[in-house]
Every structure is written in structure tokens, then in C-alpha cells.
Trainee: 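Before we start, here is the structure in question, set down as C-alpha cells.
Excluded from the calculations below are hydrogen atoms, water molecules and symmetry mates; all remaining heavy atoms, backbone and side chain alike, are included.
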Amino acid sequence: MEAATVATKEHCQYCFDVLISHLKKQQPPSPLFTSTQSFPLFVTWTKHSSKTSQLRGCIGNFAPLPLTVGLHDYALTSALNDPRFPPTRLREVPQLSCSISLLTDFEPATDYLDWDVGVHGIWIEFCDERGKKRTATYLPEIAEEQGWGKVQAVDHLLKKGGFETHITEEVRRALRVTRYRSQKAHLSYDDYVAMRE
């Protein structure tokens, strides 16, 4: 994977194109970027009102995918199939912004504290109380946005991944942790419209 590709507003624009075309039952226009590189990636939709911003969908994949395929698939999956939210409707689109994260620099952490808040995303693997293998991740910006330290972020991530009982130091030390970085781009609906004009 070459490090030269960076996340761009054109990537976000393509996600808007894909979502709007799907909701209108049309074919999306061709992307304005030509990269043939593959990345693990996440697509995040956020809904804005006059007073608040709230997550509307965020799903991605750790398997590297060609950008056109990955952005197409996860623009739709995160908007329509995030189990935390009802599917996005066409009338909501003008209230949305899109962020994409291209994930890079994966490396095993030596323990659950071997990462930097605001720099690394973390992906944890663990067994729950019933012995079932589970995983969960936070993108690099999440802990910083929430004001969490490392231990707090790891504990929240365990809960996100389905760990239901008391979290002890022994539980934390048993985690398999992978840290990674991301290249991120963001585009509001208004900026999307301006780009399309």
C-alpha cells in the first residue's frame, strides 16, 4: 500500500453521489478520482441540526478494498444498515455530512496502553464472558473527541464490543490490541452541492 494517497473531499463527494443515487434509484456518476489503491476504510455520516450534531451511521472494514468499491459499499452500508439507526431517507440528506477514514500503519501494540490518544485508532480482540471471540474498534479521533484517557477508551471499547461484566486489569491485559492511523476527509452537504455545481 503506497502512502501517497490521501483522503480527499472527492472521496466524500463520491459517497454522497452513491447514497443520493441509491435513494433516487439511479446509477451513481463515475468518481472524480482515479486511484487504483486499496485501503481498509470507514465511512461516517453525521446529521446536523441548528443546535446539535449526531452520529447517523459509521461502518467500515479492515480488509483492504479498492477505493471505488469500498467507498461505494460502505457509503450505503453505513447510511442504510448501521444497526444503531434506522435507514437514512432522502429528505435527511441535506442535513448530513460525510467523513471518510482510510486506515494505514497497522501494527500490534505491546499492551492495551501502547497507543496515543488522537494519533492511533485501536482495534481490540477478546473473548467475552461466554468464551465467544469478539472485536471492536475506535477510529483515532474518537477518544480525543470524547475526552477519554487510554483506560477509559479501552473500557468503553470493551462495552461496545459486547463485554457485559466488570472490567478488571486482568481483562485489559488479556486484550490483543492493534493500533493504526487514518487519513481523514470531511464534506458537508452544502459543500457537496457547491462541488457538484
Trainee: List, one per line, each side-chain donor-acceptor pair under 3.5 Å for residues 60-76, sequence neighbours excluded.
Mentor:
from	atom 1	to	atom 2	distance (Å)
Asn61	OD1	Ala63	N	2.8
Asn61	ND2	Tyr74	OH	3.0

Trainee: Can you list the steps and then say if Leu139 with Leu103 is a side-chain contact (heavy atoms from CB on, under 4.5 Å)?
Mentor: CA-CA 9 Å; Leu139 295 171; Leu103 310 184; 3.8 Å; yes
Trainee: For Cys58, is there any backbone N or O sitting under 3.5 Å from a side-chain donor or acceptor partner on Asp82?
Mentor: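 Checked: pair present.
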Trainee: Quick one: do Lys9 and Asp191 make a salt bridge, cutoff under 4.0 Å?
Mentor: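 Result for this pair is no, no salt bridge flagged.
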Trainee: Give the minimum heavy-atom separation between Arg196 and Asp17, together with the two atoms involved.
Mentor: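 In terms of heavy atoms, the two residues are closest at NH2-OD2, 2.5 Å.
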Trainee: Would you say Lys133's side chain and Phe126's backbone share a donor-acceptor pair under 3.5 angstrom?
Mentor: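 Not a single qualifying donor-acceptor pair exists.
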Trainee: Does any part of the side chain of Cys98, heavy atoms only, come nearer than 4.5 Å to the side chain of Val43, both counted from C-beta?
Mentor: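 Of all side-chain heavy-atom pairs linking Cys98 with Val43, at least one is under 4.5 Å.
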Trainee: Looking only at atom types and distance, does a side-chain atom of Glu92 sit under 3.5 Å from a main-chain N or O of Arg89, one as donor and one as acceptor?
Mentor: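 Checked: pair present.
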Trainee: More than 12 heavy atoms of other residues, nucleotides or ligands under 6.0 Å from CD of Gln27: is that the case?
Mentor: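 No, not enclosed.
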Trainee: Spell out, yes or no, whether Val119 and Phe106 are grouped together once hydrophobic residues are joined by side-chain heavy atoms under 4.5 Å, including indirect joins.
Mentor: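 No, because Val119 and Phe106 fall into different hydrophobic clusters, even though each may have its own neighbours under 4.5 Å.
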Trainee: Minimum heavy-atom separation for Ser99 and His186, please, with both atom names.
Mentor: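 Closest heavy-atom pair between Ser99 and His186: OG-ND1, 2.9 Å.
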Trainee: Indicate if Leu55 and Trp45 have the same hydrophobic cluster label, given that clusters are the connected sets of ILVMFWY residues with side-chain heavy-atom separations under 4.5 angstrom.
Mentor: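 Each belongs to a different hydrophobic cluster.
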Trainee: If you measure from NE2 on His156 to CD1 on Ile167, what distance do you get to the nearest 0.5 Å?
Mentor: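 Reported value, rounded in 0.5 Å steps: 9.0 Å.
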Trainee: What heavy-atom pair brings Thr110 and Asp114 nearest, and what distance separates the two atoms?
Mentor: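 Nearest heavy atoms, Thr110 then Asp114: N-OD2, 2.9 Å.
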Trainee: Give a yes or no on whether the backbone of Val117 and the side-chain of Lys150 come within a donor-acceptor separation of less than 3.5 Å.
Mentor: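 No, the answer is negative, given that no donor and acceptor are paired below the 3.5 Å cut-off.
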Trainee: Applying a strict under-4.5 Å side-chain criterion to I, L, V, M, F, W and Y, I'd like to know whether Tyr189 and Phe85 cluster together.
Mentor: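 No; Phe85 is not reachable from Tyr189 via cluster members.
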Trainee: Just one of Arg172, Arg176, Glu169 clears the side chain to side chain donor-acceptor pair (under 3.5 Å) bar with Tyr112, so which one?
Mentor: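 One option only clears the test, and that one is Glu169.
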Trainee: Please check if Val18 and Leu32 belong to a single hydrophobic cluster, counting links between Ile, Leu, Val, Met, Phe, Trp and Tyr side chain heavy atoms closer than 4.5 Å.
Mentor: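 Val18 does not cluster with Leu32.
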Trainee: Has the side chain of Arg56 got a donor or acceptor atom that lies under 3.5 Å from a matching backbone atom of Pro87?
Mentor: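 Answer holds: yes.
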Trainee: Do Thr137 and Tyr180 get their side chains close enough for a donor-acceptor pair, meaning under 3.5 Å?
Mentor: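 Yes, side-chain donor-acceptor contact under 3.5 Å.
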Trainee: For His120 and Asp116, indicate whether the former's side chain and the latter's backbone hold a donor-acceptor pair under 3.5 Å.
Mentor: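 Present.
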Trainee: Is it true that Lys159 and Glu164 have a side-chain N and a carboxylate O under 4.0 angstrom from each other?
Mentor: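 So Lys159 does not pair with Glu164 through a salt bridge.
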Trainee: What distance separates Leu80 CG from Leu23 CG, expressed to the nearest 0.5 Å?
Mentor: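 Leu80 atom CG to Leu23 atom CG measures 6.0 Å (nearest 0.5 Å).
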Trainee: On a heavy-atom basis, which atom in Ser21 and which in Pro28 lie closest, and how many Å separate them?
Mentor: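 Scanning both residues, the minimum pair turns out to be OG-CA, 3.2 Å.
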Trainee: Check this for me: does any side-chain nitrogen of one of Glu125 and Arg134 sit under 4.0 Å from a carboxylate oxygen of the other?
Mentor: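 Not counted as a salt bridge, because no side-chain N and carboxylate O are separated by less than 4.0 Å.
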Trainee: About how many Å separate CZ of Phe39 and CD1 of Ile100, when rounded to the nearest 0.5 Å?
Mentor: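 That separation rounds to 9.0 Å.
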Trainee: Is the ring pair Phe33/His11 parallel, tilted or perpendicular, if the boundaries are 30 and 60 degrees?
Mentor: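 Geometry flag for His11 against Phe33: perpendicular rings.
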Trainee: Leu96 and Phe16: which non-hydrogen atoms are nearest, and at how many Å?
Mentor: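 Scanning both residues completely, I find the closest heavy atoms to be O-CZ, 3.6 Å.
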Trainee: What's the verdict on ring-ring contact (aromatic ring centres under 6.0 Å, His included) for Trp148 and Tyr138, showing C-alpha distance, side-chain angles and the deciding distance?
Mentor: CA-CA 12 Å; Trp148 295 334; Tyr138 279 141; 5.5 Å; yes
Trainee: What's the shortest heavy-atom distance between Ala7 and Gln183, and which atoms?
Mentor: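 Shortest heavy-atom separation between Ala7 and Gln183 comes out as N-OE1, 3.3 Å.
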